[in-house]
Amino acid sequence: MRDRVAASDPGLLRLTAGLRTVGAIALTLAVLSLLGAAVTHLVAGAIAAMVATFAIREKQRDRQAVTLALGLPVALASLSLAALLSSRLIAGDVVFVVLIFCAVYGRRFGDRGTAFGLIGFQVYFMALFVGATAATLPGFCGAVAVAFGCSAVARFVLVPQTPAGVFERLRQAFRARLARLLDAQLVLFDAGPDEVERALAHVREGTARLHETAMLIQSRLEEGTPDEATARLVQRRIADAEIAAERLGLLLLTARSARRADTLTLHLPGAPVPEAGRLPVREEATDVLRRDLRALRLLVRHPVADGTGLAQVRNRLLGYREEENLPGASPAVQDVFRGVGEAARAVLGLRVALDGPQDESDDSPETARSREELDAEDAAIAGNETEAQEATGLRRPTTRAAVQVAVGSTLAIAGGELLSTHRWYWAVLTCWIVFINTASTGEIMVKGYGRLLGTVLGVVAGIGLAGLVGHHTWTAFAVVLLCVFAMFYTAPLSHTLMSFFVTAALGVLYTLLNTYSPSVLVLRVEETALGVACGVVAAALVLPVQTDRRTNELLTTVLDRLTDVTEGAVDQLSGGPPADLLDRARDLDQALADLRAATQPLTHPVTPLRTRRDTARYVVALLETCAYHARSLAATAELLPTHPSIAADPRLRGAGQRILHNIGAIAGHVADERSTAEVRTGASIASLLKPGTLGAPRYDRVTDRVLRHLQRLDEAVVGLARPLRVPVEQPGK
């Protein structure tokens with residue numbers, strides 16, 4: 001159960017956010033009720049506590065404390081403006097629009113600027129919701145002050161969260177997701193003809209979730225580790241484990257088929273499984289392989305391999321890294337045994353990096369050699385940093401979004417006033433929300449669709465809950481707390497679910513304020529639809545960023561990062577100086593994650609452009625394939641200075657030139673369709689070098705892997721030419 005929870009919520013980030021917010025609200029309600037506060041003050045305090053909790057995103061506790069302390073004056077100033085301008089319609093609307101602009105523009109100043117913007121906007125909205133006026137201002141200011149104090153208690157006392165603690169839970173989540181991926185791979189190996197598609201889908205999902213957790217760990221390395229050397233070490237071991245697990249899945253897929261599986265099969269939903277109906281050959285070695293896959297999963301699940309039994313299991317699996325220890329079987333099955341050995345080595349390295357030195361008394365010679373290799377790699381870890389140029393003026397995303405949301409909010413205020421002179425702010429809130437974490441018109445449309453759908457469903461739930469709760473104050477607040485927890489727990493997963501729980505909670509809050517009626521909730525749907533429409537119109541007409549333009553920019557960035565990783569890896573494998581390849585690989589992963597998010601409008605189930613959707617999915621899947629092979633090359637290249645079984649070969653530099661040229665040609669065509677650069681094809685890269693000449697004969701297995709990754713990378717890059725309409729050079733030209 002612990003592994004399931006850790007795997008479903010890496011780092012328990014969603015659970016912590018929900019508990020902390022609910023704790024802050026509950027504590028605020030308790031304090032205000034003891035002070036004899038009115039129901040309107042209870043509602044205001046609950047909303048302010050929620051805002052003060054979720055607005056702060058910094059990872060360091062001292063910075064959180066400073067932001068929370070400075071956020072209180074911001075909240076009081078915003079509340080005072082709303083209350084003093086409540087009777088001045090035009091002035092209040094103008095100030096609200098200016099505040100919205102500042103809230104979005106403040107994102108350029110980092111987490112603290114984002115927090116102040118959220119607090120200022122949401123507290124102003126809260127004042128409109130509860131009807132704060134100049135006469136009632138002192139009472140509401142007191143409620144807000146109590147809310148901020150209770151938020152601090154919930155954050156630092158009731159539900160404390162330290163960077164080291166989050167990092168520890170993320171490490172546990174990585175182990176849990178790695179074990180679940182191994183479970184899925186084992187099911188895939190034994191799946192029958194009618195089960196293989198479902199089993200492969202689970203492997204794809206497990207691989208994607210493992211990668212997601214690796215990226216979360218990457219984002220927490222600086223704060224969660226004591227020094228840079230430890231951060232680099234953990235980064236290396238996480239990358240090794242991720243690559244080893246993905247490679248093991250490919251080898252298992254190949255072992256149950258008649259031909260070698262393409263990496264694209266693991267990255268493209270719906271891709272055909274090679275010889276999907278053919279079961280693996282029933283031989284004695286396959287029974288041993290099943291046993292060893294279960295043993296590998298056992299090693300992953302146990303944080304510390306204490307005991308002679310686990311040590312023997314570890315020694316046996318690491319022994320498969322030596323050719324003489326491989327059982328007699330078909331070449332494909334033997335490759336899986338090698339993959340198990342490499343995965344066991346990655347697990348050993350992960351354990352040493354995360355848990356410190358281990359008991360070495362039961363080590364076999366193979367295990368001792370693996371430890372020596374890991375120690376040598378650890379001693380050679382180094383890093384460097386690069387700075388990226390930032391756009392300026394209206395090209396800066398925060399400035400553009402601030403202008404767009406200000407225009408959209410102005411339209412929402414005008415339209416909202418026509419629908420209701422008292423509830424118009426719902427349209428403004430929706431318009432503001434659809435611009436959060438979006439960068440193109442398509443993304444805003446998808447987010448707006450999700451919010452509208454969640455609101456419609458939430459209205460139905462809100463009507464039912466309001467009828468059940470009636471005017472029982474504390475029962476209503478208990479229901480609201482449950483909805484708030486569900487809102488924060490599901491927010492990172494689905495904007496639709498978040499909107500559903502928000503709207504359901506509002507139905508209950510309206511009963512507390514004695515303003516509930518079904519027509520009020522129906523009006524919320526109308527105001528939400530208006531806010532979505534105003535946001536889309538503003539995004540489409542004011543400094544628009546079309547989805548195609550956004551995806552092309554991100555695609556160019558991905559190709560540039562792919563060039564950096566590939567060029568650095570090939571250069572180092574050819575005998576060049578060491579480079580910080582793992583950081584480059586993670587930059588590639590981040591760029592690919594940004595592109596994947598930006599293509600959601602193109603791949604959303606409701607999109608009518610089916611061909612375009614399939615093309616976007618295919619391109620992203622090909623890029624994920626390229627990223628996997630580039631990461632594998634980078635990981636192998638970083639072993640060169642210390643690993644005794646890998647030798648550099650200058651001829652690889654020439655073999656990689658075609659790949660780099662083709663990536664550059666595709667990037668140039670994406671940036672400018674008038675580009676005349678062509679993608680080159682020719683003999684396979686593996687045939688450009690004589691087998692067995694990269695180093696001494698005993699190193700042929702590593703040689704084969706390097707050439708295989710280069711060959712697959714070359715094929716995937718050439719495969720990008722067709723969907724992106726890049727001309728391909730004709731043979732013999």
*Asks:* Rounded to the nearest 0.5 Å, what's the gap from CZ on Arg155 to OG1 on Thr16? Could you check?
*Replies:*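 Those atoms lie 11.0 Å apart.
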*Asks:* Any salt bridge between Asp589 and Arg586, counting N to O under 4.0 Å?
*Replies:*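 Yes, this pair counts.
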*Asks:* From Leu79 CG over to Leu84 CG, what is the distance, rounded to the nearest 0.5 angstrom?
*Replies:*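 Nearest 0.5 Å value for the CG-CG distance: 9.0 Å.
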*Asks:* Counting distance only, does the side-chain N/O of Thr490 pair as donor-acceptor with the main-chain N or O of Leu493 below 3.5 Å?
*Replies:*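 Not at all, since once roles are kept as given, no pair shorter than 3.5 Å links the two residues.
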*Asks:* To the nearest 0.5 Å, what is the distance between CG on Leu137 and OG on Ser80?
*Replies:*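 Between atom CG of Leu137 and atom OG of Ser80 there are 4.5 Å.
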*Asks:* Look at the side chain of Lys59 and the backbone N and O of Gln64, then say whether any donor-acceptor pair between them is shorter than 3.5 Å.
*Replies:*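 The answer is no, because no donor-acceptor pair under 3.5 Å joins these two groups.
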*Asks:* Has the side chain of Thr503 got a donor or acceptor atom that lies under 3.5 Å from a matching backbone atom of Gly458?
*Replies:*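 Not at all, since once roles are kept as given, no pair shorter than 3.5 Å links the two residues.
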*Asks:* Verify the ring-centre separation between Tyr510 and Phe129: is it less than 6.0 angstrom?
*Replies:*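 Centroid separation for Phe129 and Tyr510: below 6.0 Å.
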*Asks:* Ignoring hydrogens and geometry, is there a side-chain-to-backbone donor-acceptor pair from Thr511 to Val508 under 3.5 Å?
*Replies:*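 Side chain of Thr511 to backbone of Val508: a pair is present.
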*Asks:* Will you find, in the side chains of Glu443 and Gln600, an N or O donor that is under 3.5 Å from an N or O acceptor?
*Replies:*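 Side chains of Glu443 and Gln600: no pair found under 3.5 Å.
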*Asks:* How about Ile433 and His495: do any of their side-chain heavy atoms sit closer than 4.5 Å?
*Replies:*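 Yes - at least one pair of side-chain heavy atoms lies under 4.5 Å apart.
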*Asks:* Looking only at heavy atoms, which two atoms of Ala402 and Phe101 are closest? And how far apart?
*Replies:*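 Looks like O-CD1, 3.3 Å.
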*Asks:* Taking the inter-plane angle between the rings of Phe54 and Phe488 on a 0 to 90° scale, is it parallel (under 30°), tilted (30 to 60°) or perpendicular (over 60°)?
*Replies:*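 Aromatic pair Phe54/Phe488 classed tilted.
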*Asks:* Between Thr230 (side chain) and Thr225 (backbone), is there a donor-acceptor pair under 3.5 Å?
*Replies:*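 No.
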*Asks:* Do Val51 and Met126 come within less than 4.5 Å of each other through their side chains, counting heavy atoms only?
*Replies:*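 Val51 vs Met126: side chains apart.
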*Asks:* Side chains of Leu419 and Trp424: closer than 4.5 Å at any heavy-atom pair?
*Replies:*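 A side-chain contact under 4.5 Å is absent here.
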*Asks:* Can you name the nearest heavy-atom pair linking Arg561 to Ala591, along with the distance?
*Replies:*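 The pair with the smallest heavy-atom distance is CG-CB, 4.1 Å.
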*Asks:* Ala49 and Ala24: which non-hydrogen atoms are nearest, and at how many Å?
*Replies:*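 In terms of heavy atoms, the two residues are closest at CB-O, 3.9 Å.
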*Asks:* Would you mind telling me which of Glu212, His211, Gln172 makes a side chain to side chain donor-acceptor pair (under 3.5 Å) with Arg177?
*Replies:*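 So the option named by the test is Glu212.
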*Asks:* Does this structure show an ion pair linking Arg423 with Glu527, if we count only N-O contacts that are shorter than 4.0 Å?
*Replies:*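 Salt bridge flag = no for Glu527 with Arg423.
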*Asks:* Please confirm whether the ring centroid of Trp432 lies under 6.0 Å from the ring centroid of Phe96.
*Replies:*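 So the answer is no for these two rings.
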*Asks:* Would you say that Phe167 contacts Glu223 through its side chain, given a criterion of any heavy-atom pair below 4.5 Å between the two side chains?
*Replies:*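 Not touching, per the 4.5 Å side-chain cut-off.
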*Asks:* Are the side chains of His422 and Val520 in touch, meaning some heavy atoms are under 4.5 Å apart?
*Replies:*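 His422 vs Val520: side chains apart.
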*Asks:* For the backbone of Gly416 and the side chain of Ser420, can you confirm whether one donor and one acceptor N or O come within less than 3.5 Å of each other?
*Replies:*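 Checked: no pair found.
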*Asks:* If you measure from CD1 on Ile238 to CD1 on Ile217, what distance do you get to the nearest 0.5 Å?
*Replies:*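 If I round to the nearest 0.5 Å, the distance is 4.0 Å.
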*Asks:* Cut-off 3.5 Å, side chains only: do Ser499 and Thr496 have a donor facing an acceptor?
*Replies:*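 Not at all, the side chains of Ser499 and Thr496 share no donor-acceptor pair under 3.5 Å.
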*Asks:* Can a donor-acceptor pair be found, under 3.5 Å and without considering hydrogens, that links the side chain of Arg169 to the backbone of Gly11?
*Replies:*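 Side chain of Arg169 to backbone of Gly11: a pair is present.
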*Asks:* Are any of the side-chain nitrogens in Arg171 or Glu168 under 4.0 Å away from the carboxylate oxygens of its partner?
*Replies:*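 Salt bridge between Arg171 and Glu168, a charged N being under 4.0 Å from a carboxylate O: yes.
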*Asks:* Using only atom types and a distance under 3.5 Å, with no angle test, would you say the side chain of Arg14 pairs donor to acceptor with the backbone of Tyr489?
*Replies:*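 Answer holds: yes.
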*Asks:* Can any side-chain N or O of Ser33 pair as donor or acceptor with the backbone N or O of Leu29 at less than 3.5 Å?
*Replies:*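 A pair under 3.5 Å: yes.
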*Asks:* Taking Ser151 for its side chain and Ala147 for its backbone only, find out whether a donor-acceptor pair lies under 3.5 Å.
*Replies:*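 Side chain of Ser151 to backbone of Ala147: no pair is present.
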*Asks:* Going by atom types only, do Thr114 and Arg107 share a side-chain donor-acceptor pair under 3.5 Å?
*Replies:*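 No, no side-chain donor-acceptor pair sits under 3.5 Å.
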*Asks:* Just wondering, more than 12 heavy atoms not from Met498 lying within 6.0 Å of its CE?
*Replies:*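 Correct, the count exceeds 12.
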